[in-house]
S.K.: 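Just passing along the structure, written as structure tokens.
Atoms considered below: every heavy atom in the structure, side chains included; atoms not considered: hydrogens, waters and symmetry mates. All chains are named by letter (A, B, ...) in the order of the sequence lines, taking the proteins before the strands, and each is independently numbered beginning at 1.
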Protein chains: 2
Amino acid sequence: MIRLSKLTDYAVVILSFMARDSTKVRAAMELASATGIALPTVSKILKLLLNAKVLISTRGAKGGYALAKAPEKITIASVISALEGPIALTECSISQQGCEQASGCEIRGNWGLINQTIHNALESVTLADMNIPVRAQNSAWQNEILIPVASLYR
Amino acid sequence: MIRLSKLTDYAVVILSFMARDSTKVRAAMELASATGIALPTVSKILKLLLNAKVLISTRGAKGGYALAKAPEKITIASVISALEGPIALTECSISQQGCEQASGCEIRGNWGLINQTIHNALESVTLADMNIPVRAQNSAWQNEILIPVASLYR
DNA sequence: TAATTGAGGACTATTCTAGTCCTATTTAAC
DNA sequence: GTTAAATAGGACTAGAATAGTCCTCAATTA
């Protein structure tokens with residue numbers, strides 16, 4: 001399974017909650033009780049999102065966190081990279097240092113295609129999308145997806 | 001970063017090597033020295049791929065492993081799920097047990113959209129694609145990608 | 001029957017992740 | 001001005017997951 005860390009999952013939950021009233025400033029404490037996630041953990045996540053400029057913060061009494069942009073402009077890709085760094089499936093796709101395998105390394109570049117596809121997918125979904133209830137959309141939307149990566153070669 | 005385990009990465013390297021002469025039967029030992037991956041590790045990976053029916057095996061002297069299908073028919077998705085189980089980003093997307101968060105769980109279904117998109121991306125790339133040298137394709141192919149997940153809602 | 005090779009599983013060490021906690025800094029309200 | 005309410009930033013710990021190794025059994029061929 002391709003894994004996303006729990007923290008990232010929590011982050012999306014927290015942000016989705018914030019997106020419901022997207023201009024409101026909320027204290028870490030408030031977010032913790034609203035989402036059921038422990039305060040220190042929420043705090044840690046908020047700091048990461050702050051560094052990535054997904055959130056803005058106000059210190060002091062009555063301070064708290066708020067979304068830095070409209071929910072429609074916050075992509076899932078940006079949330080993931082805030083918590084986990086660059087989006088890529090393999091080590092080699094990130095670090096430029098050549099890998100040590102004796103052969104098979106021509107493959108590396110091709111991972112890039114896959115990474116890019118996944119990145120595009122995550123870039124196309126925003127926080128605003130996450131709050132919309134799921135409808136009977138599954139059969140329809142699958143057919144609309146069009147990813148001609150492989151077909152480029154043929 | 002969305003992570004794929006090292007074993008999965010190795011698996012793709014091994015399979016790509018095998019795909020170059022796709023009907024040949026190769027011993028684990030041979031694959032280990034060809035790829036530079038330690039024999040016990042190669043062995044472990046081959047067993048997983050065998051269970052997932054990506055490979056077929058022959059026991060005994062002159063035995064070894066071979067691809068169960070043509071490289072064009074072995075998708076990256078099938079390789080990943082052979083080594084890591086079902087492809088999904090979050091725990092909840094796999095296990096049906098309701099999550100314990102106090103709120104925010106309407107989100108779950110929406111992860112499904114993202115998971116499906118990624119799955120489709122991985123399904124569209126095969127072993128055969130991985131062996132083709134990377135060309136000056138980046139500018140062109142990015143524009144061809146079309147993932148209207150978000151647009152479905154608008 | 002001996003040599004070669006896979007099958008299956010147990011086991012260990014290390015790395016990574018999740019989660020907690022402490023102290024300093026900033027701001028608002030009284 | 002002082003106190004209380006918040007964030008900022010980092011250090012730290014326990015637990016889980018991963019990578020990797022090893023051992024014994026089964027099957028096939030020469």
S.K.: Looking at A:Asp129 and A:Thr126, would you say the former's side chain and the latter's main chain have a donor-acceptor pair under 3.5 Å?
M.R.: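 Such a contact is found between A:Asp129 side chain and A:Thr126 backbone.
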
S.K.: Any chance you could measure A:Arg3, atom CZ, to B:Ser5, atom OG, to the nearest 0.5 Å?
M.R.: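 These two atoms lie 9.5 Å from each other.
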
S.K.: Would you indicate, yes or no, if D:dA19 has its OP1 or OP2 atom less than 4.0 angstrom from a side-chain nitrogen or oxygen of B:Tyr10?
M.R.: no

S.K.: With distance as the sole test, does B:Ser16 use its side chain to make a donor-acceptor pair with the main-chain N or O of B:Val12 at under 3.5 Å?
M.R.: yes

S.K.: Using heavy-atom distances to pick each residue's nearest nucleotide on DNA chain C, tell me which of A:Ala61 and A:Ser5 is more 5'.
M.R.: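 First, find each residue's nearest nucleotide; the 5'-ward one identifies A:Ser5.
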
S.K.: Nearest to the side chain of A:Ala27, which nucleotide is it out of C:dT20, D:dC22, D:dA6?
M.R.: D:dA6

S.K.: Suppose we call a contact any N or O donor and acceptor under 3.5 Å apart; does that hold for the side chain of B:Lys47 and the base of C:dG6?
M.R.: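 No such pair is found, so the answer is no.
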
S.K.: Measure CD1/B:Ile56 against P/C:dG6 and give the value in whole Å, please.
M.R.: 13 Å

S.K.: A:Ala38 side chain: which of C:dT20, D:dA17, D:dT7 is closest?
M.R.: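 From the listed options, C:dT20 comes nearest.
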
S.K.: So does A:Thr75 get a backbone contact from the side chain of A:Glu123, meaning a donor-acceptor N/O pair under 3.5 Å?
M.R.: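 No; judged by distance alone, with no hydrogens or angles, the pair does not exist.
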
S.K.: How many Å lie between CG on A:Leu31 and P on D:dA6, as a whole number?
M.R.: 12 Å

S.K.: How long is the line joining CD of B:Glu84 and P of D:dA17, in whole Å?
M.R.: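 Nearest whole value for this atom pair: 14 Å.
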
S.K.: Among D:dT7, C:dG6, D:dT18, find the nucleotide with the atom closest to the side chain of B:Ser57.
M.R.: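 Of the options given, the side chain of B:Ser57 lies nearest C:dG6.
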
S.K.: If you check every side-chain atom of A:Lys6, which of C:dA18, C:dC21, D:dG20 has the closest atom?
M.R.: C:dA18

S.K.: Of the candidate nucleotides C:dT26, D:dT28, D:dT21, which contains the atom at the shortest distance from the side chain of B:Lys44?
M.R.: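 The answer is D:dT21.
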
S.K.: D:dC23 P sits how many Å from B:Leu39 CG, rounded?
M.R.: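 The distance from CG of B:Leu39 to P of D:dC23 comes to 13 Å, rounded to the nearest Å.
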
S.K.: Compare every heavy atom of B:Ala77 with every heavy atom of B:His119, then report the nearest pair and how far apart it is.
M.R.: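 Between these two residues, the closest heavy atoms are NE2-CB, 4.3 Å.
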
S.K.: So what does A:Leu46 touch, heavy atoms closer than 4.0 Å: a base, only the sugar-phosphate, or nothing?
M.R.: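 Answer is nothing: A:Leu46 stays at 4.0 Å or more from every strand.
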
S.K.: Whole angstrom is fine here: how far is it from CG in A:Leu48 over to P in C:dT17?
M.R.: 12 Å

S.K.: In whole Å, I'd like the distance from the CD1 atom of A:Ile14 to the P atom of C:dA18.
M.R.: 13 Å

S.K.: Which residue, B:Lys62 or A:Arg59, contacts DNA chain D at a nucleotide closer to its 5' end, judged by nearest heavy atom?
M.R.: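 Mapping each residue to its closest nucleotide by heavy atoms, the 5'-most match is A:Arg59.
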
S.K.: Could you tell me whether B:Thr58 contacts a base, only the sugar-phosphate backbone, or nothing, with contacts defined as non-hydrogen atoms closer than 4.0 Å?
M.R.: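 Sugar-phosphate: the residue B:Thr58, judged by heavy atoms under 4.0 Å, touches backbone atoms but no base.
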
S.K.: Establish, with yes or no, whether the OP1 or OP2 oxygen of C:dT20 is under 4.0 angstrom from a side-chain nitrogen or oxygen of A:Thr41.
M.R.: yes

S.K.: Shortest non-hydrogen contact from B:Ala38 to B:Ala32?
M.R.: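 Taking every non-hydrogen atom into account, C-CB, 4.4 Å.
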
S.K.: Expressed in angstrom and rounded to an integer, what is the separation of B:Glu30 atom CD from C:dT4 atom C1'?
M.R.: 14 Å

S.K.: From the list C:dA29, C:dT27, D:dT18, which nucleotide is the closest neighbour of the side chain of B:Arg3?
M.R.: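 Nearest nucleotide to the side chain: D:dT18.
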
S.K.: To the nearest angstrom, how far is A:Leu4 atom CG from C:dT17 atom P?
M.R.: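 So the two atoms are 11 Å apart, to the nearest Å.
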
